[in-house]
Amino acid sequence: MAVEAREQPARRRLRVDFHVLGPLVALVALVILGMSLNDQFLSAGNVTNVLARSAFIGIIAVGATFVITIGGLDLSVGSMSAFLAGVTIIILNALIPQLGGGWATILVGMLACLAMGLGAGFLNGILITKGRIEAFIVTLGTLGIFRSLVVWLANGGTLSLDFNLREVYRPVYYGGVAGIAWPIVVFALVAVAGEIVMRKTAYGRHCAAIGSNEQVARYSAIHVDRVRLATYMLQGMLVGVATIMYVPRLGSASSTTGLLWELEAIAAVIIGGTVLKGGFGRVWGTVVGVVILSLIDNILNLTDLVSPYLNGAIQGVIIILAVVLQRGRKGA
Amino acid sequence: MAVEAREQPARRRLRVDFHVLGPLVALVALVILGMSLNDQFLSAGNVTNVLARSAFIGIIAVGATFVITIGGLDLSVGSMSAFLAGVTIIILNALIPQLGGGWATILVGMLACLAMGLGAGFLNGILITKGRIEAFIVTLGTLGIFRSLVVWLANGGTLSLDFNLREVYRPVYYGGVAGIAWPIVVFALVAVAGEIVMRKTAYGRHCAAIGSNEQVARYSAIHVDRVRLATYMLQGMLVGVATIMYVPRLGSASSTTGLLWELEAIAAVIIGGTVLKGGFGRVWGTVVGVVILSLIDNILNLTDLVSPYLNGAIQGVIIILAVVLQRGRKGA
Amino acid sequence: MSGPGPILEARGVRKSFGPVEVLHGADFTLTPGRVHALVGENGAGKSTLMKCLAGYQPVSGGEIRFFGEPVHFADSEAAESAGIVLIHQEFNLAEQLSAEANIFLGREMRRGFFLDRKAMRERARNLLEELATPIDTRLEVSRLSVSQKQMVEIAKALARNARVLIMDEPTAVLTGREAEVLFAQIERLKAAGVAILYTSHKLDEIARVADEVTVLRDGSLVAHAGVDEMSPDRMAELMVGRELSDLFPAKAGETAADVVLSVEDFEVPGHVESASFKLRRGEILGFAGLVGAGRTELMEGIMGLRSARGTIRRSGKVVRIASPKEAVRHGLAYLTEDRKGRGLLLKYGLRENLTLLGLDRFSGIFVDEKAEEAALDAAIRRFDIRAASKTMPVGNLSGGNQQKLLLAKTMLVEPEIVILDEPTRGIDIGTKQQIYAFVHQLAREGQAVIVISSEMSEVIGLCHRVIVMRSGRIAGEVSGEAVTEEAIVRRAMGLDGEAREAAHGS
Amino acid sequence: QEGKATIGVSIPSATHGWTGGVNFHAQQAIDELKAAYPDLTFVLATAGDPGKQVSDIEDMMATRNIDALVVLPFESDPLTGPVKRVADAGKFVTVVDRGLSQPGIQDLYVAGDNTAFGRVAGDYFKEKMPDGGKIVVLRGIPTTIDNERVEAFQKAIEGSNIEIEGMEHGDWNRDKAFEVMQDFLSKYAEIDAVWASDDDMALGVIEAIKQAGREGDMWVLGGAGMKQMIEKVQAGDKMVPADVTYPPSMIATAIRLTADRFVSKAPMAGRFVIDSVLVTPENAKEHYFPDSPF
Ligand SMILES: Nc1ncnc2c1ncn2[C@@H]1O[C@H](COP(=O)(O)OP(=O)(O)OP(=O)(O)O)[C@@H](O)[C@H]1O
Ligand SMILES: Nc1ncnc2c1ncn2[C@@H]1O[C@H](COP(=O)(O)OP(=O)(O)OP(=O)(O)O)[C@@H](O)[C@H]1O
Ligand SMILES: [Mg+2]
Ligand SMILES: [Mg+2]
């Protein structure tokens, strides 16, 4: 929020390049650090782990990139994911008697999860556009609502997927195609699609225009409210996709599911170079941001350099450094 | 972030009034609700409890009003408070041998707490201004850092103030003057001072100008970076003030101290009518926002209307409704 | 104080943005008590030279002298404390702050620790009254009209007690009447020994206020003379580099073609009441009126940009237009008067801005960037847009070129009915001529054009028929030979006898 | 290599008093064992949510080549599958405190007994209030653990005249408990006792009671065995007549037992239940650890 403005065009050229390369530089630095700390770091197993688990936040963060680009914010994604996971599990368990414990049930559950994601996004979106309430407040409110509902549904405990069904569903997280785990495949597809939508479609252009200057967008015959609503629905749907991948990983939902994902997603988006105040978004940057965040956790597990109490501090320092790298050397 | 835009001046007049009255209307509605649900609601004891509790968040939120007005954000306030509380307790305990267990020690501890608050704010501010890093990222980073440090200092447990010193210090939270508890007095003073600074001083005006249009501020010979740095330091100092009031309450600091205060503070600021994207701030609105949030908890505890699992949902709904009231009836 | 020595000079000033040099060694002198005008085409480098003089941009070569001594202003603040004040071409106001706060921003009056709000309000009110803009100084700037904003901007500069006042197209958004108020202030400042640098594309104004004139073409000085030695026509020639024929093309006769748009009993709450008018094929219909008459609001209402009531017929059929998109679908397009706030995305490049309104023409599933590029090339040719690069943020374009781009954007949807709100705001005289020719061509081809303009000569020279608005109502209509300044002003003022007195400008 | 082994320890991060104690004891045990057996390597990871804990375990498997895993599951259900995979890979698995949802996965189970925790507390209430009375209850973070405890408590006081007036979540958080108790005190003119269900919460509750000046009216039962609370019990504090243990040191027991498996080759398997016992002034000494931060 601080940056930009001051015109110093001679320097700007350089800064722009750094801005593009920045997240990548930070990523490479982290990979080198990881390699030097542990020789298993680049093993297929570890790389798969890191990427697969970043898929949830990653898929959500792609949606968040759009939301932030239109100048909005969605704080509810983590709770929404918990809520969707909870209801999906309830639905799946309930369907077993009718549809049996096989793929039919799971497919219906998946569709339900997507549909509910769209619905939850619609709720956020309609309150923001028609209700004319700040996105921050709306999604802070729905954050509480979704989180409470999942606790209530779970009666304060945990909602668990039927054990046999879990075995059928498992490969969706743990399986893969051509040696690549499904979550990675789905994340990659979502990211590529997101990047294309952002850069190559009228919708992406409209998002940037609205975030950049809502009035200009309105005067340019853009249905501002409609685009905004669509964006929150897109975010909701992507939370649904993430949840579909998440349920087979842990097979349960509780009050702690998806905790603070919203913060992680927003952080990834900003680290990736999207502007928090809207008007400019970069999906591939978000992907890099997500992987950076995921790598930090992984690297902290690779060594016992510091007291685990200080993990949070190291994370904080690395997040700041990753963004400093983006800005380029100040003096240059 | 969504709102504004479409000019409808006939209606505008009305909406502006609602915008001014909105938070108050919501507050009054909550008070009426509280009264109707429990006859103890307006008892001196309960009113004192609610106001005294809201003092910490309140004092911090006054600072957050300035930070948000300049177009910034400070996510670190909660952890900062925990960190300050932790270090202050360590200092206080360490000073007893030299200065004895009396007010001398406590005064030195208070000053140290304020100084460290200023220092922590300076750290945030300097990274944002000189480092040219987004406030969101910087304060997300320092959030992790402060929180980790307090856990580390407490060895994962709780830092407790020396028992005898605590008895001396206690009145700072539990005592009062003319029947009004100290936290309420201090909160009121900070709020009044904040409102005056915001409205009556050049600094307040410069904050709004920077948040509204940084370029214009720069062109108007405002030292943008200096004002911004000062604002983060002000925020840090106010966190220090809040912490001074907090320590005597339970005499301890741990990893849970100040958890999610940042979110509550920001929510209070926005409910109070300050614009999240900067450019306009209203301290008295923030005060109302803080009290609203505090009342919601209080009312939920005073009644058994709903399953406690759903408390979060009710909170969410009321937060949204409180802001809807600000917008006025859409149809009107 | 009004000694003859120069106070601020540019000596061989060069300025480059990246690889592109836009000023190639400019010399320029400001003398206390004199008004030195700077004229030139859009993108000639006028604003750039002014920013260099006022410390907003460092020079790349040459030097700035202050009282004969070379100076290097670190920033605008340093220049301002030396008494050099610039009124920007684009608004430079914090929209969410009050007019009073803007006027004193960074230079607040204080009483001890606190703001002396009473004194500031008093002074702000006086300043604005002197500028004949009696607005409530507590109003948020975002709620002011463009001309009111400009007056606030001028008041802000006046409040700074400048020794050198640099004004970048201050009258672009003012009517003749308001410009007169400004000129009176300029006279006053001159008498007080202030050195003034003045630019405008309204060349007759130059003749009116300036003592000397410098002509800039493509970043180089081409002439400098006393104002008596250079007629507006000569200025125009020097600027453009060729002789200019008549500014306005010959008007075709009145058309009796079919009505393409008819508006009945139209109401925009708070702004416009019971407005009715008809627009024919091939017609250029002018809308005149004083500032705040509600012309903009009427058009925005028609375009679905404001909530409004009333009947709109498109070629006889009643249509409902609830959003700008529907308006475009019905063949209407609107060029906003506020290019910075409502027209262009300043941080984006030319291509994105050009196609934003008509983006569906360039997109199936994906946006066809090649087609966009082609459209941009065509627009650059057709509207003579001068940009150092096609990818530069349009915020860095010269003001006039921004306006041309905005016009290109509006025309890209090939509307049958074009509503142009202040179409030549900030456009140089050569380009103006092109735009007028362009409007005529549109009309000849059978499109219908509405022109809202505060430049009386433009309305008179261009339009077949003129509707005059006053306080949100249609006050009258003149057409054909009857389109004269007097007739318009009389209706705009709602007066009869005083009409002649009130006629100025043009 | 004989005696050489890497032991992974995965625990929740120190987000409240009890988990803080777990962190402390885990680190202590690791430090001691490292000093005693240089051939043992330990990998300690702390997680703020179940997802992160699963990631930690995955990382230990992929990059740290652990031979054994000691895990205190954040929640039983989500950890069951991942821990099973560790066991399936032939690693020695010790589960602490919360059991997994499927039986037979772990080699060693050092179990806390949440049901006993609630029951012991409930029995104490019944004993202390033979004629019944009005009490309020502060619950923890809504989780299975909390549910088990509260259900056991309710079951234990069934049939007595003890009446639960109010029950709210204090989230095992001192500040939150303080505020909830303030409101309970406003709401109920008559409260005879409080089941705070956790020592951290109990400390907040006591503060609120003191503030209201109703110290004489009611007593408080916490839980877990925090140093400060044991001190109060020992000192015969009227407000804190007893406490119920739920020792965070069970993690140390588990780590030591697991290490033994590698250094002494003792066939280590089975189930160790760490009982929840009532601490009274009589036995308080046995439960007092002055060095613990908890
Ligand atoms: N910050 C900038 N970066 C790059 N190019 C710039 C920048 N500012 C101005 N230019 C370019 O410099 C040239 C001169 O612009 P300038 O604004 O000085 O023109 P002008 O004479 O004021 O024109 P107008 O009459 O349209 O206002 C233009 O080609 C413009 O695109
Ligand atoms: N005193 C005032 N207070 C608040 N807003 C005002 C005031 N006077 C005018 N306005 C605003 O100014 C606008 C009308 O001025 P505007 O100049 O756009 O009208 P116009 O008829 O289109 O004239 P022009 O096109 O010549 O500027 C309206 O948006 C109105 O809200
Ligand atoms: Mg210019
Ligand atoms: Mg207008």
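Below, chain A is the first sequence line, B the second, and so on; all start at residue 1. Source: prediction; values computed, not measured.
Looking at B/Ser160, the atoms closer than 4.5 Å to chain D (heavy atoms on both sides) all sit in the side chain, from C-beta outward. Neither the backbone nor the side chain of B/Phe41 has a heavy atom closer than 4.5 Å to any heavy atom of chain D. Residue contact with chain D, scored on non-hydrogen atoms closer than 4.5 Å, is absent for B/Ser43. Residue contact with chain D, scored on non-hydrogen atoms closer than 4.5 Å, involves the backbone of B/Leu300 exclusively. For chain D, the nearby part of B/Asn311 is the side chain; its heavy atoms alone come within less than 4.5 Å.
Among D/Asp217, D/Ile209, D/Leu185, the one residue that satisfies the side-chain contact (heavy atoms from CB on, under 4.5 Å) test with D/Ile191 is D/Leu185. Tested against D/Gln182, the residues B/Asn301, B/Asn298, B/Asn49, B/Thr48 include a single side chain to side chain donor-acceptor pair (under 3.5 Å) partner, B/Asn49.
Using bins of under 30°, 30° to 60° and over 60° for the plane-to-plane angle, the ring pair D/Trp219/D/Phe125 lands in the tilted bin. The aromatic rings of D/Tyr246 and D/Phe117 stand perpendicular to each other, their planes meeting at an angle above 60°, with 30° marking the opposite boundary.
With respect to D/Asp183 and B/Arg53, a salt bridge is recorded, a charged nitrogen being found less than 4.0 Å from a carboxylate O. Of the charged side-chain nitrogens involved, none lies within less than 4.0 Å of a carboxylate oxygen, so that D/Asp192 and D/Lys134 do not count as a salt-bridged pair.
Top candidate by heavy-atom pairs under 4.5 Å with chain B, chosen from D/Glu168, D/Gln211, D/Glu179, is D/Glu179. Of the listed residues (B/Asn38, B/Leu250, B/Asn46), the one with the most heavy-atom contacts under 4.5 Å to chain D is B/Leu250. Among the candidates B/Arg249, B/Arg170, B/Arg147, the residue making the largest number of heavy-atom pairs closer than 4.5 Å to chain D is B/Arg249. Ranked by non-hydrogen atom pairs under 4.5 Å with chain B, the options D/Thr19, D/Leu203, D/Val22, D/Val180 are led by D/Val180.
Applying the ring-ring contact (aromatic ring centres under 6.0 Å, His included) criterion to D/Phe42, with sequence neighbours excluded, gives no partner residue.
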